[in-house]
Colleague: 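Next up is a structure, given as structure tokens.
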Amino acid sequence: MTTSNVPVIAIDGPTASGKGTVAHRVAERLGFHYLDSGALYRLTALSALRSETALTDEHALSKLASGLHCSFSGDKIMLASEDVTHAIRAEEVGNTASKIAALPTLRQALYGLQLRFRMPPGLVADGRDMGSVIFPHAPLKVFLTATPEARAERRYKQLIEKGFSANMDDLLKDLWERDARDSSRAIAPLKPAEDAHLLDTSDMTADQAVEQVLQWYAQIKKH
Ligand code: CDP
């Protein structure tokens, strides 16, 4: 079956820009499938931390990525038979994900897995290279931004809600470091695709951002 005519909305942005929440809600509103590509990097990071694989061992890390036994059901993320929905959200896992995501072989190992999420009636794909590498012909690409302070505040609330402890100063520092690492890496750096719509969400609620994305999509469908 060819899926090249299944519409894809690619949503990207820096860490804690709200892209996950917005992408998820857009998918729900349109009845589309949802790909949280960051979760795949986080799952690989979790496996690496648990198996104490050196974060410089590209070959071993890529093998972990290509051998990932993961499944997504509703809001639940499973690694083999274990529910790791909560565990993969820890800051240590996110920071490790950001480090190993710079490895080309590892990114290649996750490529095919991501393509398989493109199924009728459509897909909302969330993550770095969704519009630039994985789905370059996506009819709609959105890049969400927000000030570092707004993003640190969101991440703080998110972590506290999930029962993790958090400190604003540390978060802001982590966020700067993560931005720098994600923006400067050679492969799939954090930057808007040339044809992406930019949306600054610093002073917007998630619902307002969702409405804007839906409006853009409705316009595209008309043409
Ligand atoms: O929202 P945040 O960036 O903290 O987390 P995420 O979307 O869960 O992604 C975790 C890390 O995986 C990011 O820092 C990226 O470096 C990396 N990632 C990537 O390189 N490519 C993707 N398509 C998705 C995530």
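Numbers here are sequence positions counted from 1. Note that ligands are numbered from 1 as they come in the structure, with each ligand's atoms numbered from 1 the same way.
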Colleague: Report the nearest protein non-hydrogen atom to atom 12 (O) of ligand 1: residue, atom name, distance rounded to 0.1 Å.
Modeller: Y41 CB, 3.6 Å

Colleague: May I ask you to identify, for R151, whether its side chain, its backbone, both or neither come under 4.0 Å of ligand 1 on a heavy-atom basis?
Modeller: neither

Colleague: Judged on heavy-atom distance to atom 16 (O) of ligand 1, which of D182, L190, I88 sits nearest?
Modeller: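 The residue whose heavy atom sits nearest atom 16 (O) of ligand 1 is D182.
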
Colleague: Name the closest protein heavy atom to atom 1 (O) of ligand 1, giving the residue it belongs to and the distance to 0.1 Å.
Modeller: K19 NZ, 3.0 Å

Colleague: Rounded at 0.5 Å granularity, tell me how far CD1 in I11 sits from CG in L140.
Modeller: 7.5 Å

Colleague: Picking from L110, T105, T44, I100, what satisfies side-chain contact (heavy atoms from CB on, under 4.5 Å) with S62?
Modeller: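 The side-chain contact (heavy atoms from CB on, under 4.5 Å) with S62 is passed solely by T105 among L110, T105, T44, I100.
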
Colleague: Would you kindly specify which portion of K99 sits under 4.0 Å from ligand 1, judged on non-hydrogen atoms: side chain, backbone, both or neither?
Modeller: neither

Colleague: Looking at M130, which atoms of ligand 1 are within less than 4.0 Å of one of its heavy atoms?
Modeller: 23 (N)

Colleague: Mind checking whether Q114 has an N or O less than 3.5 Å away from an N or O of ligand 1?
Modeller: no

Colleague: Heavy-atom distances under 4.0 Å are what count here, so tell me which part of A16 touches ligand 1: side chain, backbone, both or neither.
Modeller: backbone

Colleague: Verify whether the ring centers belonging to F72 and F117 lie closer than 6.0 Å.
Modeller: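 Yes, the ring of F72 comes within the 6.0 Å limit of the ring of F117, centre to centre.
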
Colleague: What residue and atom, counting heavy atoms only, is the protein's closest point to atom 2 (P) of ligand 1, and at what distance?
Modeller: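 Of every protein heavy atom, T15 OG1, 3.4 Å lies nearest to atom 2 (P) of ligand 1.
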
Colleague: Report yes if R178 has an N/O atom closer than 3.5 Å to an N/O atom of ligand 1; otherwise report no.
Modeller: yes

Colleague: Between K173 and E177, is there a salt bridge with N-O shorter than 4.0 Å?
Modeller: yes

Colleague: Is there at least one pair of N or O atoms, one from R128 and one from ligand 1, spaced under 3.5 Å apart?
Modeller: yes

Colleague: Going by the closest heavy atom to atom 17 (C) of ligand 1, which one wins out of A125, A45, G38, A101?
Modeller: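 Selected option, by shortest heavy-atom distance: A101.
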
Colleague: Given that the side chain starts at C-beta and the backbone is N, CA, C, O, which of these parts of R181 lies under 4.0 Å from ligand 1, counting heavy atoms, or is it both or neither?
Modeller: neither

Colleague: Which heavy atom of A23 sits nearest to which heavy atom of D126, and what is that distance?
Modeller: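 For A23 and D126, the tightest heavy-atom pair comes out as CB-CB, 3.8 Å.
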
Colleague: For D129 and D12, which heavy atoms make the closest approach, and how far apart are they?
Modeller: N-OD2, 4.5 Å

Colleague: Per the side-chain hydrogen bond (donor to acceptor under 3.5 Å, both in side chains) rule, which among R154, K162, E161, R155 passes with Q158?
Modeller: R155

